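To keep things clear, I will list the structure first and then write my remarks on it.
To find a chain, count down the sequence lines: A is the first, B the second, and so on, and within it residues start at 1. Worth knowing before you read on, the calculation uses all heavy atoms, side chains too, and leaves out hydrogens, waters and symmetry mates. Please read these numbers as outputs of a predicted model, since none were measured by experiment.
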2 protein chains.
Amino acid sequence: MAKPSIHDTPALHRSLARDMLRRWQSLGAAPGARLSRLALAKELGVSRTPVAGAMALLEALGVVESDGRHLLLRDPGFDPARLGGEAEGDAIDAFIMRLARDRRMGELEDEVSERQLQARYELGRAVVADALRRLSELGAVTRNRGHGWRFAAGYSSPEDRAASYRFRLMLEPPAMLEPAFALPSGWARMMREKHEGFLSRRWGATDPVAFFETNAAFHAGLAEASGNRFVLQAIEQQNQLRRFSNYDWQRGEERVRVSASEHIGILDALEAGDRAEAAERMYRHLAGTAALPWNGRRLAT
Amino acid sequence: MAKPSIHDTPALHRSLARDMLRRWQSLGAAPGARLSRLALAKELGVSRTPVAGAMALLEALGVVESDGRHLLLRDPGFDPARLGGEAEGDAIDAFIMRLARDRRMGELEDEVSERQLQARYELGRAVVADALRRLSELGAVTRNRGHGWRFAAGYSSPEDRAASYRFRLMLEPPAMLEPAFALPSGWARMMREKHEGFLSRRWGATDPVAFFETNAAFHAGLAEASGNRFVLQAIEQQNQLRRFSNYDWQRGEERVRVSASEHIGILDALEAGDRAEAAERMYRHLAGTAALPWNGRRLAT
DNA sequence: TGCTGCATTATGGTGGCACACAGAGCAATT
DNA sequence: AATTGCTCTGTGTGCCACCATAATGCAGCA
């Protein structure tokens with residue numbers, strides 16, 4: 001087991017290997033090309049050490065060959081996805097999601113201490129502390145004045161929910177009218193297909209989560225297309241908040257169909273080049289969703 | 001020196017003491033009133049231990065008197081500000097400000113390691129790491145893939161500056177039209193006085209910083225009045241970003257006068273109850289400021 | 001000269017430990 | 001019965017050392 005394997009290899013090495021592979025493919029590099037570790041290091045903005053590690057990994061996979069001293073590219077067609085860990089969601093993100101799930105299930109008290117969480121989830125101090133800090137920035141959790149943390153009670157309250165929608169109403173429609181607004185090529189088609197999937201398939205048990213993520217990606221994608229990083233940041237934050245707090249997850253099939261077709265309508269307008277119409281539809285979409293009665297139970301203050 | 005003094009007393013104790021003092025004053029508590037530590041603890045959402053500490057502090061200051069067993073209120077008029085540490089700016093905040101200043105002075109490289117910063121500023125690792133993480137959330141600094149951090153080069157770039165203003169243009173005017181919008185009583189008058197100070201006084205050397213903070217407080221105050229916590233959060237983030245990156249700090253007297261009078265104009269409209277007019281003026285104010293040529297030097301990419 | 005392997009140094013994440021302090025139970029006091 | 005002092009346990013933070021790994025210097029080589 002001394003050979004470098006895909007697993008148990010430093011994350012940075014894998015990540016660099018993936019990046020290089022992608023770059024070779026997009027540049028159409030031919031097998032047999034000579035590679036310089038030093039040049040690669042400069043290109044990637046990193047020192048030679050991790051580059052050497054990445055190349056060792058690629059050599060073990062037969063993508064690259066070392067004739068003692070020099071590196072030769074052998075199989076540039078290797079699928080980068082096989083290097084795994086693509087969306088190596090932060091350990092912190094993963095933990096936040098577990099917290100969200102357990103909270104939803106009612107398996108987690110309102111008031112917790114960092115130690116409890118450390119023990120319960122078998123995590124290091126750093127991860128727990130970071131996650132709590134991030135959640136507190138979202139407003140999902142607050143520090144007690146003394147010890148411990150408290151999951152914000154009013155967190156999924158109707159007031160917060162309304163504030164969230166009003167906030168998005170201020171941002172999302174105008175974002176589509178930004179002068180720099182431009183969708184990445186292929187994005188609209190990809191999104192459309194995902195949404196149509198929800199309309200044509202029968203509604204399954206795992207679909208609520210899948211639809212939530214599609215929905216989040218839709219809104220984040222449009223925010224990104226606005227070209228304004230602050231808008232993107234704000235929308236991603238809203239997504240994370242909703243992901244954590246379970247807004248809307250239980251919306252039910254009927255409402256999902258409505259949402260999906262509204263999204264598709266927005267895509268229609270965008271592809272027709274009518275951004276004003278798209279913004280208008282976005283406004284109605286958000287306002288309509290906001291006005292829905294919400295079936296969450298009201299927590300005690 | 002064994003007596004509890006204002007200093008070297010746990011921050012929580014001081015903070016609780018301040019809170020209680022404020023509450024007594026706003027409730028108009030009379031001297032001689034009996035106090036129960038247990039009741040106070042419940043009120044403050046904290047255990048009896050820190051409450052006891054806070055009361056010991058107040059006793060040392062003569063605000064409260066202990067007849068062996070019971071607590072009596074003696075001097076409810078004591079000025080809470082004398083307890084000091086009011087805006088006990090996080091060590092982290094203070095450090096961030098030092099970084100900002102040194103960066104502005106060009107005394108800090110583009111690329112730094114945590115150790116360097118630790119050594120240079122004689123701080124613990126935790127403070128440095130936290131500060132960098134917070135700055136990275138603002139986008140002011142980014143992690144290198146390997147080791148080290150890099151101050152975002154394009155950070156005060158014209159593009160980012162424009163994005164920031166466009167973001168605020170989307171939020172701030174509509175925020176003033178929110179149905180729940182309501183200014184705290186006295187806020188408008190207080191703000192007006194501050195601004196008029198800048199118009200009437202001669203322009204001094206320390207005024208740029210003071211005006212920046214007044215300006216930030218003005219915008220944050222309006223955001224808060226909107227009643228939407230997401231709006232407030234976004235605006236505060238923008239303030240912190242601008243504070244760090246030194247947008248506008250060197251605007252010069254003439255421009256400050258214009259800004260101050262535009263702010264006063266907005267206050268006029270609000271006090272007249274004409275929020276539509278106020279929002280319109282806010283829009284013009286932001287758009288006008290955004291269009292200013294910016295005299296910052298452009299950093300190399 | 002430009003690159004490599006090897007060796008050295010520096011970095012940042014992690015875990016253990018200690019300390020100051022918050023929380024909570026209990027007997028005593030009124 | 002309510003509240004307090006006392007005490008003990010639990011909590012979070014700072015400090016330190018360790019370790020995997022990234023950066024870098026250097027001699028050798030094409």
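Shown here are the salt bridge (Lys or Arg N to Asp or Glu O under 4.0 Å) partners of A:Arg145, two or more places apart in sequence or in another chain: B:Asp19. In this structure, B:Arg98 has no salt bridge (Lys or Arg N to Asp or Glu O under 4.0 Å) partners at least two apart in sequence or on a different chain. With sequence neighbours excluded, no residue forms a side chain to side chain donor-acceptor pair (under 3.5 Å) with B:Gln118. Partners of A:His147 according to the side chain to side chain contact (heavy atoms under 4.5 Å, CB included) rule, which considers only residues two or more places apart in sequence or in another chain, do not exist here. Listed by chain and number, the residues in a side chain to side chain donor-acceptor pair (under 3.5 Å) with B:Trp24 amount to none (sequence neighbours excluded). A:Glu43 pairs by the side chain to side chain donor-acceptor pair (under 3.5 Å) definition with A:Arg23, not counting sequence neighbours. With sequence neighbours left out, the side chain to side chain donor-acceptor pair (under 3.5 Å) criterion links A:Asn144 to A:Glu111.
Residues B:His13 and B:Met55 are not in side-chain contact: their nearest non-hydrogen atoms beyond the backbone lie 4.5 Å or more apart. Side-chain contact between B:Leu73 and B:Pro31: absent, with no pair of heavy atoms (C-beta onward) separated by less than 4.5 Å.
Fit an axis to the five pairs at each end of the helix from C:dT1-D:dA30 to C:dT30-D:dA1 and the two axes sit 30° apart, to the nearest 10 degrees.
Between A:Leu123 and A:Phe95, the shortest heavy-atom contact is CD1-CD1, 3.4 Å. Smallest separation of non-hydrogen atoms from B:Leu12 and A:Gly146: CD2-CA, 4.1 Å.
Contact annotation: B:Arg34 does not reach the phosphate of D:dT3 (side-chain N/O to OP1 or OP2, under 4.0 Å). Between D:dT11 and A:Arg143, no contact under 4.0 Å exists linking OP1 or OP2 to a side-chain N or O.
Nucleic acid contact class of B:Gly53 (heavy atoms, under 4.0 Å, all strands): none.
The closest side-chain donor-acceptor pair between B:Glu109 and B:Gln116, if any, does not fall under 3.5 angstrom.
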Footprint string (nucleotides 22-30 of chain D, 5' to 3'): B base within contact, S backbone only, - free, heavy atoms under 4.0 Å: SBBB--B--
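Residue A:Glu111 contributes atom CD, which lies 11 Å from atom P of D:dG12 at whole-angstrom precision. Summarising the geometry, the separation between CD on A:Gln118 and C1' on D:dT11 is reported as 10 Å, rounded to the nearest angstrom. One can place CZ of A:Arg14 at 17 Å from P of D:dA20, the figure rounded to the nearest angstrom. Put simply, CG on A:Leu117 is 11 Å from P on D:dT11, counting in whole angstrom units.
Between B:Glu114 and A:Leu35, the one whose closest nucleotide on DNA chain C sits nearer the 5' end is A:Leu35. Sequence order on DNA chain D of the closest nucleotides to A:Val112 and B:Ser36 puts B:Ser36 first from the 5' end. Mapping B:Ser66 and A:Gly148 onto DNA chain D via the closest heavy atom, the residue that lands nearer the 5' end is B:Ser66. In this structure, B:Gln116 and A:Ala39 both approach DNA chain C, and ranking their closest nucleotides by distance from the 5' end singles out A:Ala39.
Using a 4.0 Å cut-off on heavy atoms, the residues of residues 121-134 of chain B that approach DNA chain C are B:Arg125, listed by number.
Counting 5' to 3', DNA chain C first comes under 4.0 angstrom of a heavy atom of chain B and last does so at the ends given by C:dT11 to C:dT29.
For the atom pair A:Arg243 CZ and A:Glu236 CD, the distance stands at 8.5 Å (nearest 0.5 Å).
Among residues at least two apart or in separate chains, there is no salt bridge (Lys or Arg N to Asp or Glu O under 4.0 Å) pair with a member in residues 29-41 of chain B.
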